[in-house]
Amino acid sequence: MKRRERTRKLIELGGLVVKARLDAMVEDDRAAIYGALLGLVQQADGEQREEEVALWRRKGKRAFETEAAEQSR
C-alpha cells in the first residue's frame with residue numbers, strides 16, 4: 001500500500017472513531033479507545049465471527065443511512 005493511500009485510510013478510520021463518539025465517551029483516552037477496539041476483536045474471535053461482523057455491518061449501514069437522510073433534510 002502506498003504511503004498516501006495508507007495515510008488516507010488511517011484518517012478515515014480515525015474519523016469513524018470520532019463519528020461513533022468513542023473518543024468523547026472516553027475523553028480522548030487513547031488507551032481506552034485501543035482497549036475498546038481490542039474488546040470488539042475478542043468478542044468476534046470465535047465461532048460466531050461472521051454473525052458478529054454481519055451485525056456490526058448492519059448497524060453501521062443503518063447509521064450511515066440515517067445520517068445521510070438527516071443531512072438531506
Side-chain angles (χ1 to χ4, degrees):
M1 181 178 296
K2 294 179 184 173
R3 184 176 179 188
R4 182 171 287 174
E5 292 170 358
R6 181 179 180 276
T7 299
R8 180 181 175 100
K9 179 180 177 180
L10 292 173
I11 290 168
E12 289 173 349
L13 292 172
L16 292 173
V17 168
V18 172
K19 188 178 280 267
R21 298 183 307 272
L22 182 56
D23 63 324
M25 178 182 284
V26 298
E27 298 178 357
D28 223 7
D29 181 338
R30 275 123 174 104
I33 292 169
Y34 188 39
L37 295 172
L38 289 173
L40 287 173
V41 169
Q42 285 179 327
Q43 179 181 336
D45 191 27
E47 295 178 18
Q48 304 294 322
R49 179 181 181 197
E50 289 182 30
E51 292 85 359
E52 194 71 36
V53 172
L55 174 65
W56 296 344
R57 186 173 292 114
R58 284 192 306 272
K59 286 181 178 181
K61 284 182 179 181
R62 268 189 251 130
F64 280 135
E65 290 167 358
T66 299
E67 181 180 300
E70 289 174 355
Q71 288 180 354
S72 66
R73 290 183 194 173

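Counting begins at 1 with the first residue of the sequence. Values below: all heavy atoms of this structure, side chains included; hydrogens, waters and symmetry mates excluded.
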### Message
Tell me which pairs pass side-chain hydrogen bond (donor to acceptor under 3.5 Å, both in side chains) where either residue lies in residues 58-73, with sequence neighbours left out.
### Response
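side-chain hydrogen bond (donor to acceptor under 3.5 Å, both in side chains) check on residues 58-73 returns Lys19-Glu67.
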For [X], what residues pass the side chain to side chain donor-acceptor pair (under 3.5 Å) criterion, not counting sequence neighbours?
{"X": "Lys9", "result": "none"}
{"X": "Arg8", "result": "Glu12"}
{"X": "Gln48", "result": "none"}

Atom [atom1] of [X] and atom [atom2] of [Y]: how far apart are they, to the nearest 0.5 Å?
{"X": "Glu51", "Y": "Trp56", "atom1": "CD", "atom2": "CH2", "result": "12.0 Å"}
{"X": "Arg21", "Y": "Asp23", "atom1": "CZ", "atom2": "CG", "result": "10.0 Å"}
{"X": "Leu22", "Y": "Leu40", "atom1": "CG", "atom2": "CG", "result": "8.5 Å"}

### Message
Please enumerate all residues that pass salt bridge (charged side-chain N to carboxylate O under 4.0 Å, His left out) together with Arg30, with sequence neighbours excluded.
### Response
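Salt bridge (charged side-chain N to carboxylate O under 4.0 Å, His left out) list for Arg30, sorted by chain: Asp28.
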### Message
Under the rule for salt bridge (charged side-chain N to carboxylate O under 4.0 Å, His left out), what residues qualify as partners of Asp29, not counting sequence neighbours?
### Response
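Result, salt bridge (charged side-chain N to carboxylate O under 4.0 Å, His left out) vs Asp29: none returned.
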### Exercise: identify the closest heavy-atom pair between Ala44 and Glu52
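The answer is CB-CG, 3.9 Å.
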### Phe64 with Val53, same ILVMFWY side-chain cluster at under 4.5 Å
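Phe64 and Val53: separate clusters.
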### Query
Same cluster or not: are Val18 and Ile33 linked, directly or through other Ile, Leu, Val, Met, Phe, Trp or Tyr residues, by side-chain heavy atoms under 4.5 angstrom apart?
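No.
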### Among Val17, Leu16, Ile11, side chain to side chain contact (heavy atoms under 4.5 Å, CB included) partner for Leu13
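With Leu13 as partner, Val17, Leu16, Ile11 yield a single side chain to side chain contact (heavy atoms under 4.5 Å, CB included), made by Leu16.
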### Greater than 12 external heavy atoms within 6.0 Å of Glu47's CD
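Atom CD in Glu47 is not packed in, count stays at 12 or less.
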### Task
Under the side-chain contact (heavy atoms from CB on, under 4.5 Å) rule, what do Lys2 and Glu5 come out as? Steps first, then yes or no, please.
CA-CA 5 Å; Lys2 294 179 184 173; Glu5 292 170 358; 4.1 Å; yes
